[in-house]
*Asks:* 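To start, I am sharing the structure in question, which I have written as structure tokens.
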There are 2 protein chains.
Amino acid sequence: MTDQTQNAFRALADPTRRDILHMLTTQDMTIGQVAGRFDMTRAAVKKHLTVLTDGGLITVETRGRERINRLNPTGLAPVLSWFDIFDHFWDDRLSDLKSAIEKDTQ
Amino acid sequence: MTDQTQNAFRALADPTRRDILHMLTTQDMTIGQVAGRFDMTRAAVKKHLTVLTDGGLITVETRGRERINRLNPTGLAPVLSWFDIFDHFWDDRLSDLKSAIEKDTQ
DNA sequence: TTAATATGATACCAAATGGAATCATATTGG
DNA sequence: CCAATATGATTCCATTTGGTATCATATTAA
């Protein structure tokens with residue numbers, strides 16, 4: 001039972017993983033497809049995808065011998081919730097966004 | 001000219017540093033004050049504060065022999081800007097928040 | 001069936017990271 | 001001035017992390 005908030009922040013901390021998330025906003029991709037866009041081995045990309053899965057930021061659907069990686073924007077909820085600590089500095093607008101997203105992803 | 005976005009995400013990736021930011025939402029604190037709340041050496045806390053400074057999330061004001069650490073919510077702008085890549089999933093509300101914050105902190 | 005394809009898993013490595021320990025520097029108070 | 005205080009800087013260490021190389025497994029296609 002690891003901390004989901006920590007896993008999500010950890011996943012976001014690496015630029016390659018943020019790039020992968022960026023790619024997945026356009027289309028779902030297999031590991032091979034993602035790896036094809038980076039100058040690193042498929043194994044390295046696989047590790048990043050595992051970290052992203054642990055952080056709840058992507059989901060994986062097995063289709064035959066392929067694994068389709070799909071963005072899971074709901075996984076950002078813990079991150080955005082944490083930003084609530086800055087409400088005092090932002091006139092409660094961040095909190096408004098958070099509840100809007102929660103309503104949106106249910 | 002290091003990447004400010006990366007530095008900010010990196011700074012947020014550690015739970016101790018997020019706790020420090022949380023503390024600083026209540027009041028400005030010296031290094032000694034921050035260290036007094038953690039079960040680790042002052043040197044370790046100092047390292048975290050340096051990472052937070054590099055990430056632009058806090059500012060430091062020297063007052064005599066003390067260094068007052070102060071929250072810098074503006075430093076989160078690069079992070080929130082990055083979240084814009086999820087606009088398609090969130091009906092542009094994250095983007096609205098970002099511009100609201102930018103206007104607020106100018 | 002069997003070879004090609006797509007992925008998983010493991011071992012290994014260098015570099016980064018979190019932390020303690022220690023010494024140095026600067027400022028304040030008596 | 002001088003001792004106490006607050007912080008900075010450096011060294012060292014164990015662990016984590018990003019990456020490659022390699023081998024194993026599962027699925028598809030001919």
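Just so it is clear: chains get the letters A, B, ... in the order the sequence lines come, proteins before strands, and each one is counted from 1.
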*Asks:* Taking A:M40 as the starting point, is it possible to reach A:L24 by hopping between hydrophobic residues whose side chains are less than 4.5 Å apart?
*Replies:*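 Both belong to a single hydrophobic cluster.
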*Asks:* Hey, which sits more toward the 5' end of DNA chain D by its nearest nucleotide, A:D39 or A:R67?
*Replies:*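 It is A:D39, whose closest nucleotide lies nearer the 5' terminus.
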*Asks:* CD1 of A:I68 versus P of C:dT5: gap in Å, rounded?
*Replies:* 18 Å
*Asks:* On the 0 to 90° scale, with breaks at 30° and 60°, tag the B:W82-B:F86 ring pair as parallel, tilted or perpendicular.
*Replies:* perpendicular
*Asks:* Might you work through the side-chain contact (heavy atoms from CB on, under 4.5 Å) test for B:I58 and B:L21, ending with a clear yes or no?
*Replies:* CA-CA 8 Å; B:I58 65 173; B:L21 290 179; 3.7 Å; yes
*Asks:* So if you build clusters from Ile, Leu, Val, Met, Phe, Trp, Tyr with side-chain heavy-atom gaps below 4.5 Å, do A:I85 and B:L12 land together?
*Replies:* yes
*Asks:* Check this one for me: any side-chain N or O of B:R42 less than 4.0 Å away from OP1 or OP2 of C:dG19?
*Replies:*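 So the side chain of B:R42 is outside the cut-off, no N or O lying under 4.0 Å from OP1 or OP2 of C:dG19.
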*Asks:* Mind checking B:K47 for me? I need base, sugar-phosphate or nothing, with any heavy atom below 4.0 Å counting as a touch.
*Replies:*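 Base contact.
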*Asks:* Provide the start and end nucleotides, 5' to 3', of the part of DNA chain D that has atoms under 4.0 Å from heavy atoms of chain B.
*Replies:*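 It runs D:dA4 to D:dA9.
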*Asks:* Relative to the 5' end of DNA chain D, which residue comes earlier, B:E66 or A:G64, by the nucleotide with the nearest heavy atom?
*Replies:* B:E66
*Asks:* Nearest whole Å is fine: how far is C:dA3 P from A:R65 CZ?
*Replies:* 15 Å
*Asks:* With sugar-phosphate meaning primed atoms plus P, OP1 and OP2, does B:A44 contact a base, only sugar-phosphate, or nothing at under 4.0 Å between heavy atoms?
*Replies:*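 Since only primed, P, OP1 and OP2 atoms lie under 4.0 Å of B:A44, the category is sugar-phosphate.
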*Asks:* Which is true for B:R17 with a 4.0 Å heavy-atom rule: it touches a base, it touches only sugar-phosphate, or it touches nothing?
*Replies:* sugar-phosphate
*Asks:* Should B:R70 and B:E61 count as an ion pair when the cut-off is N to O under 4.0 Å?
*Replies:*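 Yes, charged N to carboxylate O under 4.0 Å.
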*Asks:* Using the side-chain contact (heavy atoms from CB on, under 4.5 Å) definition, which of the options A:I20, A:L57, A:L52, A:T25 pairs with A:L71?
*Replies:* A:T25
*Asks:* Students often get this wrong, so: under 4.0 angstrom with heavy atoms, is A:R63 touching a base, only sugar-phosphate, or nothing?
*Replies:* nothing
